[in-house]
Visitor: 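Could you have a look at this structure, given as structure tokens, before my questions?
Here is how names work: the chains are called A, B, and so on, in the same order as the sequence lines, proteins then strands, and each is numbered from 1.
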Amino acid sequence: MSNISIKIKGFDSQEFPKGITPLQIMNDIKGVPKDTIICKVDGQLTDLSSNLNKNCELQFMDAKSKDGHSVLLHSTAHLMAQAVKRLFPKTKVTIGPFLENRFYYDFDVNSPFTEDDLLEIENEMMKISEENLEISHQEKSRNEALAFFEKIDESYKVEIINDLDKDETLKVYSQGEFTDLCRGPHVHSTGQIKHFKILSSSAAYWRGDEKNQTLQRVYGTSFQNSKDLKKYLQMLEEQKKRDHRKIGKELDLFFFDDEVGPGLPLWTPSGTVLIDELEALAKEKETANGYLRVRTPHLTKGDLFSKSGHLDHYMSSMFSPMDVDGIDYYMKPMNCPYHHKIFANTPKSYRDLPYRISEYGTCYRYEKSGELFGLMRVRSMQMNDGHIYCTAEQFKEEFINVCNLYMEYFKIFGIEKYEMRLSLHDPEGLGDKFIDNPTLWKKTEEDVRNALKGANLKFVESVGDAAFYGPKIDVQVWSSIGREFTLATNQVDFAIPERFDLTYTDKDGSAKTPLCIHRAPLGTHERFIGFLIEHFGGNFPLWLAPKQITILPVSDKFNDYAQQITTDLRTMGLRVSLDNRSEKIGSKIRDAEMQKINIMVIVGEKEVENKTVTVRRRFIKEQKEMSLNDFSNEILTEIKERRVSN
RNA sequence: GCCUGCGUAGCUCAGUAGGUAGAGCACUUCGUUGGUAACGAAGAGGUCACCGGUUCAAUCCCGGUCGUAGGCUCCA
């Protein structure tokens, strides 16, 4: 038998007999870490029980690495499936992939799992782990695999095999009595999976299609050691504390009311401050960038939305029409048709372009009840909307300027983790979800792609997520509880200007159709604020904070002085409250902390005598006694600069 | 919209094997006049989400509706 040469990472090259497995090598040589669960052969994740037949590079890996962790998660999903099959033998298994730090497995069961079921499953998993079953794999021909899964009545696996490429070699993994179709790789024994937890269960559709069978999805997580598991679970708890729905209630920012309706937020005085500040910021930036502000109605005849294509492509997201004098009127789901009307209202020449208009118009969209989610998904939403009408030559610069505006905003808020996504059409949806003009789709998508590349902006592409009238750049962010949302969007419209007969007179006197860029750099104010609440965990920077300052007299004796300070600061435009209850100063401070008020101003005998104030800022322990003038100058500057940290 | 869980005072939550409910915080009043994260006492507060059914009797059991949570689908 011939030998092969294997370069093991962290060791010298060695000769081994052909066909040896990494597992055997682990046992042969000293010093391979005990935590090894998987390996890479020439950079490819490979089962430890695979035979090595040629010279190669071998790297042993534990679950601390991202790749290693993904294998552990995946193997834990299998472990869970085995436990479910033991406890509920009639269950049919489907798929069980890994996600970042989590995994799930979808099961077809007669009745959904209860919480007790989940506990039992977890216990059974523990048992299987203790049994330390070897996980082996085998290659099977398509027919063998089909016969096997038909015999054990795993119809979903049969369906999966039937959909696979005919030439694909199939692998099955076995551990004890449980065998599953899987690409692998996996850890080599169930005993290597020890530190896991079932997180939740819910429903999911087979293959993500709502017309298909409803499956039960069980989510779980798994780590190399108990410390990492505990850390992850703690992080999940911490994330929950930042949930904008929770903080929104604690800080009394917004709420929903049964009698008003789901998805229709009511903004309290505190929450309204956030919106007002956001709007003030946007108005300032837009004025500087040459935008003109407009206002349009919330309600409109259906004809307008026929013309714009909304009734053909967007009706399922619109509220039902109402009859007004025998004519159908709709609540507006977007502002664009009105902006087009405003463009067309007076003749335009090339000298008027780019023509930039903006409006924070409230739109109404029918979101299915189960899709509503705090402020992140609502039915009445204020768009940070605007439209730019420009020539083809101006397109690139205008488009990139909008992208730059996003980044400027993100910088102001200190948002660092985001992803730009070029959302393209899916040819299969032409005519239905998307306007049927394949040539223009292609051209526009290419233009946008080139503009982004030309500006050196990093982006990913996503097919099928375009608007019905054109491709988009969406900026994706992740909320504190891990959900992904589109925060900002920038869309190109190649179709609608023509439908609205929008023209401008070019240099040569001919009438031309402008391009239209839809842009919403702050998305909707509801979602943006929902995101900001989580981003800051309710600890807003001073310029944004609903409650900037509270005045705390040490005792009732100093209430007059405190009242004077309050009035003075309010006159300067600051948001100031006065806590003149007959409480001890410690209690007033505690209450101010709970309300996350940025600055506490304490006044007592000393301050009255010296005509000063004592300033206590959140997160800064030491207090400073200063004149009111120095204090107000300092914070007015901080607010003017919109400083994120103090 | 779909599946499952949940809905008790303003908030966070107890509770009742079916006999119309309780705590802490918040609120109001009184006492206290205090120096950097909870001063003390008293009071007020709820058709137990809503509508039906079973029962002598329903907050509790059953059905429906609405809302909400976790997901799926969808989306700014």
Visitor: Which part of the nucleic acid, if any, lies within reach of Ala204(A) when heavy atoms closer than 4.0 Å are counted: base, sugar-phosphate only, or nothing?
Guide: sugar-phosphate

Visitor: With sugar-phosphate meaning primed atoms plus P, OP1 and OP2, does Thr486(A) contact a base, only sugar-phosphate, or nothing at under 4.0 Å between heavy atoms?
Guide: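 The answer is sugar-phosphate, as Thr486(A) gets under 4.0 Å only of primed atoms, P, OP1 or OP2.
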
Visitor: So that I know where these two stand, are Phe410(A) and Tyr418(A) an aromatic pair - ring centroids less than 6.0 Å apart?
Guide: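 Yes, the ring centres sit under 6.0 Å apart.
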
Visitor: Whole Å only: how far is the CG atom of Asp556(A) from the C1' atom of G34(B)?
Guide: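 Rounding to the nearest Å, CG of Asp556(A) and C1' of G34(B) are 10 Å apart.
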
Visitor: Give Lys240(A) one of three labels, base, sugar-phosphate or nothing, depending on what nucleic acid heavy atoms sit under 4.0 Å from its own.
Guide: nothing

Visitor: Any side-chain N or O of Lys211(A) below 4.0 angstrom from OP1/OP2 of C2(B)?
Guide: no

Visitor: Can you tell me, in whole Å, how much space there is between the C1' of G46(B) and that of C13(B)?
Guide: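 About 15 Å, rounded to a whole number of Å.
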
Visitor: Does Lys332(A) make a cation-pi contact with Tyr338(A) (under 6.0 Å, within 45 degrees of the axis)?
Guide: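 Yes, Lys332(A) sits over the ring of Tyr338(A).
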
Visitor: Tell whether Tyr205(A) reaches the base of C2(B) with its side chain through a donor-acceptor pair below 3.5 angstrom.
Guide: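 Side chain to base: pair present.
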
Visitor: Within the 4.0 Å heavy-atom criterion, would you say Gly604(A) contacts the bases, only the backbone, or no part of the nucleic acid?
Guide: base

Visitor: If I take atom CG in residue Asp257(A) and atom P in nucleotide U68(B), what distance separates them, rounded to the nearest angstrom?
Guide: 10 Å

Visitor: In this structure, are over 12 heavy atoms from other groups packed under 6.0 Å from Met235(A) atom CE?
Guide: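 Yes.
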
Visitor: Looking at Tyr360(A) versus His525(A), is the centre-to-centre ring distance below 6.0 Å?
Guide: yes

Visitor: What is the distance, to the nearest angstrom, from the CD atom on Glu484(A) to the C1' atom on C74(B)?
Guide: 13 Å

Visitor: Taking all non-hydrogen atoms of both residues, which atom of Tyr104(A) and which atom of Leu99(A) are closest, and how far apart?
Guide: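 What the structure gives for the nearest pair is CD2-CD1, 3.9 Å.
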
Visitor: Please work out if Glu526(A) contacts a base, only the sugar-phosphate, or nothing of the nucleic acid, heavy-atom cut-off 4.0 Å.
Guide: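 The residue Glu526(A) makes no contact with any strand.
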
Visitor: Return the minimal non-hydrogen interatomic distance between Pro553(A) and Lys588(A), and the atom names on each side.
Guide: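 Heavy atoms only, the tightest pair is O-NZ, 3.0 Å.
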
Visitor: Considering residues at least two apart in sequence or located in another chain, which fulfil the salt bridge (Lys or Arg N to Asp or Glu O under 4.0 Å) criterion with Arg242(A)?
Guide: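 Scan of Arg242(A) (salt bridge (Lys or Arg N to Asp or Glu O under 4.0 Å), adjacent residues dropped) gives none.
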
Visitor: For C56(B) versus C66(B), give the span between their C1' atoms, rounded off to a whole number of Å.
Guide: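 C56(B) and C66(B) have their C1' atoms separated by 31 Å.
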
Visitor: It should be established whether Lys433(A) places a side-chain nitrogen or oxygen under 4.0 Å from OP1 or OP2 of nucleotide C75(B).
Guide: yes

Visitor: For the residue pair Glu122(A) and Phe196(A), what are the closest heavy atoms and their distance?
Guide: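 For Glu122(A) and Phe196(A), the tightest heavy-atom pair comes out as O-CE1, 3.9 Å.
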
Visitor: Between His387(A) and His339(A), what is the ring plane arrangement, given parallel below 30°, perpendicular above 60°, and tilted in between?
Guide: perpendicular

Visitor: Say whether Thr614(A) and Glu625(A), considering side chains only, have a donor N or O and an acceptor N or O under 3.5 Å apart.
Guide: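 No, no side-chain donor-acceptor contact under 3.5 Å.
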
Visitor: Just checking Phe373(A): base, sugar-phosphate only, or nothing, at a heavy-atom cut-off of under 4.0 Å?
Guide: sugar-phosphate

Visitor: Answer yes or no: does atom CG of Asp209(A) have more than 12 heavy-atom neighbours from other residues, nucleotides or ligands under 6.0 Å?
Guide: yes

Visitor: Is there a residue in residues 93-110 of chain A whose heavy atoms reach under 4.0 Å of RNA chain B, and which residues are they?
Guide: none

Visitor: For a stem of at least 3 consecutive Watson-Crick or G-U pairs with distances under 3.5 Å, i pairing with j, i+1 with j-1 and so on, which stems involve RNA chain B?
Guide: B:1-7 with B:66-72, B:10-13 with B:22-25, B:27-31 with B:39-43, B:49-53 with B:61-65

Visitor: Could you work out which one of G71(B), G1(B), A76(B) sits closest to the side chain of Ser202(A)?
Guide: G71(B)

Visitor: How many angstroms lie between atom CD of Gln564(A) and atom CG of Asn559(A), to the nearest 0.5 angstrom?
Guide: 13.0 Å

Visitor: Which part of the nucleic acid, if any, lies within reach of Glu607(A) when heavy atoms closer than 4.0 Å are counted: base, sugar-phosphate only, or nothing?
Guide: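 Base: the residue Glu607(A), judged by heavy atoms under 4.0 Å, touches a nucleobase.
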
Visitor: Heavy atoms under 4.0 Å, any strand shown: does Lys246(A) hit a base, just sugar-phosphate, or nothing?
Guide: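 The answer is nothing, as Lys246(A) stays clear of every strand by at least 4.0 Å.
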
Visitor: When we call it a touch if two heavy atoms are under 4.0 Å apart, what does Thr614(A) touch: a base, just sugar-phosphate, or nothing?
Guide: base

Visitor: Answer yes or no: are there more than 12 heavy-atom neighbours, outside Glu605(A) itself, under 6.0 Å from its atom CD?
Guide: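 No, CD of Glu605(A) has 12 or fewer neighbouring heavy atoms, counting only those of other groups under 6.0 Å.
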
Visitor: Using the P atom in both, what is the distance from U55(B) to G15(B), to the nearest Å?
Guide: 30 Å

Visitor: On RNA chain B, does the nearest nucleotide to Gly261(A) precede the nearest nucleotide to Gln216(A) from the 5' side, or the other way round? Give the residue.
Guide: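 Upstream on the strand: Gln216(A).
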
Visitor: With rounding to whole Å, what would you report as the distance between C25(B) and A42(B) at their P atoms?
Guide: 12 Å

Visitor: Describe the nucleic acid contact of Arg245(A) in one word from base, sugar-phosphate, nothing, applying a heavy-atom distance below 4.0 Å.
Guide: sugar-phosphate

Visitor: Other residues, nucleotides and ligands only: do more than 12 of their heavy atoms fall within 6.0 Å of CD on Glu428(A)?
Guide: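 Atom CD in Glu428(A) is not packed in, count stays at 12 or less.
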
Visitor: Tabulated below should be each protein N or O lying under 3.5 Å from an N or O of nucleotides 45-47 of chain B; please produce it.
Guide:
none

Visitor: Ignoring hydrogens and angles, are the base of A38(B) and the side chain of Glu593(A) linked by a donor-acceptor pair under 3.5 Å?
Guide: no

Visitor: Given Asp106(A) and Gln216(A), is the side chain to side chain donor-acceptor pair (under 3.5 Å) satisfied, shown in steps?
Guide: CA-CA 6 Å; Asp106(A) 284 350; Gln216(A) 290 305 310; over 6 Å; no

Visitor: When rounded to the nearest Å, what value does the distance between C1' atoms of G22(B) and G31(B) take?
Guide: 28 Å

Visitor: Which value, in whole Å, describes the distance between the C1' atoms of nucleotides U20(B) and G24(B)?
Guide: 24 Å

Visitor: On a whole-Å scale, what distance lies between the C1' atoms belonging to C60(B) and C27(B)?
Guide: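 Per the computed distance, 30 Å lies between those C1' atoms.
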
Visitor: Using a cut-off of less than 4.0 Å, is there contact between a side-chain N or O of Arg377(A) and OP1 or OP2 of U68(B)?
Guide: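 False: Arg377(A) side-chain N/O out of range (4.0 Å or more) of U68(B) OP1/OP2.
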
Visitor: Over all strands shown, is Met376(A) touching base, sugar-phosphate only, or nothing at heavy-atom distances under 4.0 angstrom?
Guide: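 Result for Met376(A) = base.
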
Visitor: In terms of side-chain heavy atoms of Ile602(A), which of A37(B), C72(B), G35(B) is nearest?
Guide: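 The answer is G35(B), which lies nearest to the side chain.
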
Visitor: Just the rounded figure in Å: distance from C1' of U73(B) to CD of Glu210(A).
Guide: 5 Å

Visitor: Hey, does Ile435(A) have a side-chain heavy atom less than 4.5 Å from the side chain of His313(A)?
Guide: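 A side-chain contact under 4.5 Å exists here.
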
Visitor: Expressed in whole Å, how much space separates the P atoms belonging to U65(B) and C3(B)?
Guide: 11 Å

Visitor: Of Ala488(A) and Phe113(A), whose closest RNA chain B nucleotide lies nearer the 5' terminus?
Guide: Phe113(A)

Visitor: Is there side-chain contact between Arg365(A) and Arg379(A), with at least one heavy-atom pair below 4.5 Å?
Guide: no

Visitor: Tyr156(A) ring centre to Arg207(A) NZ or CZ under 6.0 Å, with the angle to the axis within 45°?
Guide: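 Judged by the rule, Arg207(A) and Tyr156(A) form no cation-pi pair.
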
Visitor: According to a strict under-4.0 Å criterion, is Ser369(A) in side-chain N/O contact with OP1 or OP2 of G1(B)?
Guide: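 So the side-chain polar atoms of Ser369(A) do come within 4.0 Å of the phosphate oxygens OP1 or OP2 of G1(B), strictly under.
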
Visitor: Considering all heavy atoms of both residues, which atom of Asn110(A) and which atom of Lys90(A) are nearest to each other, and what is their separation?
Guide: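 Taking every non-hydrogen atom into account, ND2-CD, 4.3 Å.
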
Visitor: Tell me, yes or no, whether the heavy-atom count around Lys283(A) atom NZ, taken from other residues, nucleotides or ligands under 6.0 Å, exceeds 12.
Guide: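 Buried by this count: over 12 neighbours within 6.0 Å.
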
Visitor: Taking syn as a glycosidic torsion within 90° of 0 and anything else as anti, which one is G45(B)?
Guide: syn

Visitor: Enumerate all atom pairs, one protein N or O and one N or O from nucleotides 6-11 of chain B, separated by less than 3.5 Å.
Guide:
none

Visitor: Under 4.0 Å, heavy atom to any atom of RNA chain B: which of residues 580-589 of chain A qualify?
Guide: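 Arg581(A), Ser582(A), Glu583(A), Lys584(A), Ile585(A), Gly586(A), Ser587(A), Ile589(A) - these, ordered by number, are the residues of the stretch whose heavy atoms sit under 4.0 Å from the strand.
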
